[in-house]
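In the text below, chain A, chain B and the rest are named by the order of the sequence lines, each starting its count at 1.
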Protein chains: 2
Amino acid sequence: MRIREVASRSGLAPSAVRYYEQLGLLPEPPRTEAGYRVYPDVAIDRLGFIRAAQAVGLTLAEVRQVLGVRDAGEPPCRVVTDLIQRRHAEVRTKIVELRRLERDLAAVRARAATLNPRDCDPSGICHVIPSVASVRARAVGRKEVPDV
Amino acid sequence: MRIREVASRSGLAPSAVRYYEQLGLLPEPPRTEAGYRVYPDVAIDRLGFIRAAQAVGLTLAEVRQVLGVRDAGEPPCRVVTDLIQRRHAEVRTKIVELRRLERDLAAVRARAATLNPRDCDPSGICHVIPSVASVRARAVGRKEVPDV
DNA sequence: CTTGACATTCAAGCGTACTTGAAGGTCTAG
DNA sequence: CTAGACCTTCAAGTACGCTTGAATGTCAAG
């Protein structure tokens, strides 16, 4: 299998596969005489694992940890358990933060809905945005969702 | 007021204030003879607004939009309402995604807890990670939370 | 023999919001 | 007079996971 096939079978771009190899997530495959990479079937499984790990929010560095342990011949159960637990905590924290933010945004919208733009104070910028208490105290990130 | 004061009163680093000026969020202040920036009190309000807008998740580009309208002499109500509404939808979507992810992570942990590492299949990498249905279908981002 | 789809490497770019570093100037207190 | 706390500009670095571009090579089909 050459790179295009292994990539598309895994839902990746060839460039991503090369990138993973560069990061040490994927072992260097044998080459044809012309220098083309030729992958064994098992590469599909490995890429599948990488995708699944990313899908639960592990970074590529973390995935590398897991693969490193596995490649060393040991079961990575312990590492995986730790990483998943940490990630779980992160996600729960983030949900709490986003819920608060959601509440704030709803409050801002409600406030905006009661106001007439004609009454807008031209000496400020927009009093409706800084109007909610918790907005003044914290913030939550953006960042969209990578597809798998 | 020089840059250090305006920055610390706004909870920012001086470099951030210069950066905002560079992006056009903050008008160029007058200078002392030595070239030091000297800010009027109203700069504090403007920086406060920027922080509040960021706290609800608006990007600096979006903040610039709002400030641009305001600086053009118009009330930015319409722009603000639109941006907030969009942002609100994003946040709600993200909460849904994170909730699903949280559920998956809990499932992965539960599954891991029932297994003995001795039974780990050495031919795979770690079957526990790709074990959850929705993990195979989608992913949710990481990205931590900027403090305000 | 040519076209076109594929492959290679390497460096650089993207987005976001900044920070850091280098090299230097200014100002106040002791 | 000097230390040190502050200011200036400009370019480059950070995180993260890739993609893109340039320059080039390979290979099968028509």
Side-chain angles (χ1 to χ4, degrees), chain A residues 1-26 28-39 43 47 50-65 67 87 90 139-148, chain B residues 1-26 28-39 43 47 49-65 67 83 87 90 139-148:
Chain A
M1 228 180 338
R2 281 182 311 192
I3 198 167
R4 179 154 303 256
E5 190 177 348
V6 85
S8 71
R9 281 226 252 164
S10 305
L12 295 167
S15 60
V17 176
R18 283 189 210 103
Y19 177 65
Y20 292 162
E21 177 182 327
Q22 198 180 301
L23 291 191
L25 299 179
L26 205 56
E28 292 189 28
R31 305 282 185 124
T32 66
E33 286 202 354
Y36 290 13
R37 289 170 179 83
V38 178
Y39 293 92
L47 289 171
I50 295 172
R51 300 245 310 154
Q54 278 191 294
V56 291
L58 301 191
T59 64
L60 294 182
E62 288 164 342
V63 175
R64 182 166 43 194
Q65 267 186 63
L67 292 173
R87 179 62 177 149
E90 282 173 19
V140 173
R142 243 186 139 82
K143 194 65 186 178
E144 353 77 52
V145 173
D147 297 322
V148 167
Chain B
M1 231 182 334
R2 281 182 312 192
I3 198 167
R4 178 154 304 255
E5 189 177 349
V6 85
S8 70
R9 282 226 252 166
S10 305
L12 294 166
S15 60
V17 175
R18 281 187 213 102
Y19 177 66
Y20 292 163
E21 177 183 327
Q22 198 180 300
L23 291 191
L25 299 179
L26 206 57
E28 292 188 27
R31 307 282 185 126
T32 65
E33 288 203 351
Y36 291 12
R37 289 171 178 81
V38 177
Y39 292 93
L47 289 170
F49 175 77
I50 295 171
R51 299 247 308 157
Q54 278 192 293
V56 291
L58 300 190
T59 64
L60 294 181
E62 288 166 341
V63 175
R64 181 166 43 194
Q65 268 186 64
L67 292 172
L83 288 173
R87 179 61 179 150
E90 282 173 18
V140 172
R142 242 184 140 83
K143 194 64 187 178
E144 353 75 53
V145 172
D147 298 320
V148 167

| field | A:Gln54 side-chain N/O to D:dC18 phosphate OP1/OP2 under 4.0 Å | value | yes

| request: Write down the distance between CD (B:Glu90) and P (C:dT16), rounded to a whole number of angstrom. | output: 11 Å

| query | At under 4.0 Å between heavy atoms, what does A:Arg37 touch on the DNA or RNA strands: base, sugar-phosphate, or nothing? | reply | sugar-phosphate

| Using 4.0 Å as the upper bound for N to carboxylate O, is an ion pair formed by B:Arg87 and B:Glu90? | yes

| task | Between B:Tyr36 and B:Leu58, just flag the one whose closest nucleotide in DNA chain C comes earlier from the 5' side. | result | B:Leu58

| task | Begin from the C-alpha positions of B:Leu58 and B:Gln65 and carry the test side chain to side chain contact (heavy atoms under 4.5 Å, CB included) through to its verdict. | result | CA-CA 10 Å; B:Leu58 300 190; B:Gln65 268 186 64; over 6 Å; no

| field | Side-chain donor/acceptor of A:Arg64 to backbone N/O of A:Leu23, under 3.5 Å | value | yes

| How many Å lie between CG on A:Leu12 and C1' on D:dC18, as a whole number? | 11 Å

| task | Specify the separation, in whole Å, of atom CD1 of A:Ile3 and atom P of D:dC27. | result | 16 Å

| remark: When A:Arg2, A:Glu28, A:Glu21 are each screened for side-chain contact (heavy atoms from CB on, under 4.5 Å) with A:Arg37, the one that passes is A:Glu21

| task | May I ask you to decide if B:Thr59's main-chain N or O and B:Glu62's side chain share a donor-acceptor pair within less than 3.5 Å? | result | yes

| task | Let me know the distance between CG of A:Leu26 and C1' of D:dC18, rounded to the nearest Å. | result | 15 Å

| task | Report yes if at least one side-chain N or O of A:Tyr20 is closer than 4.0 Å to OP1 or OP2 of D:dC18; otherwise report no. | result | yes

| note | Rounded to whole Å, the CD-C1' distance (B:Glu21 to C:dC18) equals 15 Å

| field | Touch class at under 4.0 angstrom, heavy-atom based, for B:Leu23 against every strand present | value | nothing

| field | side chain to side chain contact (heavy atoms under 4.5 Å, CB included) between B:Val56 and B:Leu83, worked out | value | CA-CA 10 Å; B:Val56 291; B:Leu83 288 173; over 6 Å; no

| remark: One would report the end-axis bend of the helix from C:dC1-D:dG30 to C:dG30-D:dC1, five pairs per end and rounded to 10 degrees, as 30°

| note | Of C:dT8, D:dT9, C:dT26, the nucleotide closest to the side chain of B:Ala34 is C:dT26

| note | A:Glu33 atom CD is separated from C:dC6 atom C1', nearest whole Å, by 18 Å

| query | How is A:Ala13 classified with respect to the nucleic acid when contacts are heavy atoms under 4.0 Å: base, sugar-phosphate, or nothing? | reply | sugar-phosphate

| Closest approach of B:Ala7 and B:Pro14, non-hydrogen atoms and distance? | CB-N, 3.7 Å

| note | Ranking B:Arg2 and A:Arg2 by the position along DNA chain D of their nearest nucleotide, the one closer to 5' is B:Arg2

| request: Tell me whether the OP1 or OP2 atom of C:dC27 has a side-chain N or O from B:Arg4 closer than 4.0 Å. | output: no

| field | A:Thr32 vs A:Ser15, nearer the 5' end of DNA chain D by closest nucleotide | value | A:Ser15

| request: Check the distance between C:dC10's C1' and A:Tyr19's OH and give it to me in whole angstrom. | output: 15 Å

| Whole angstrom value for the distance that separates C1' of C:dT8 from CD of A:Gln22 | 13 Å

| remark: In terms of heavy-atom contacts, A:Tyr39 and A:Val6 come closest through CD1-CG1, 3.7 Å

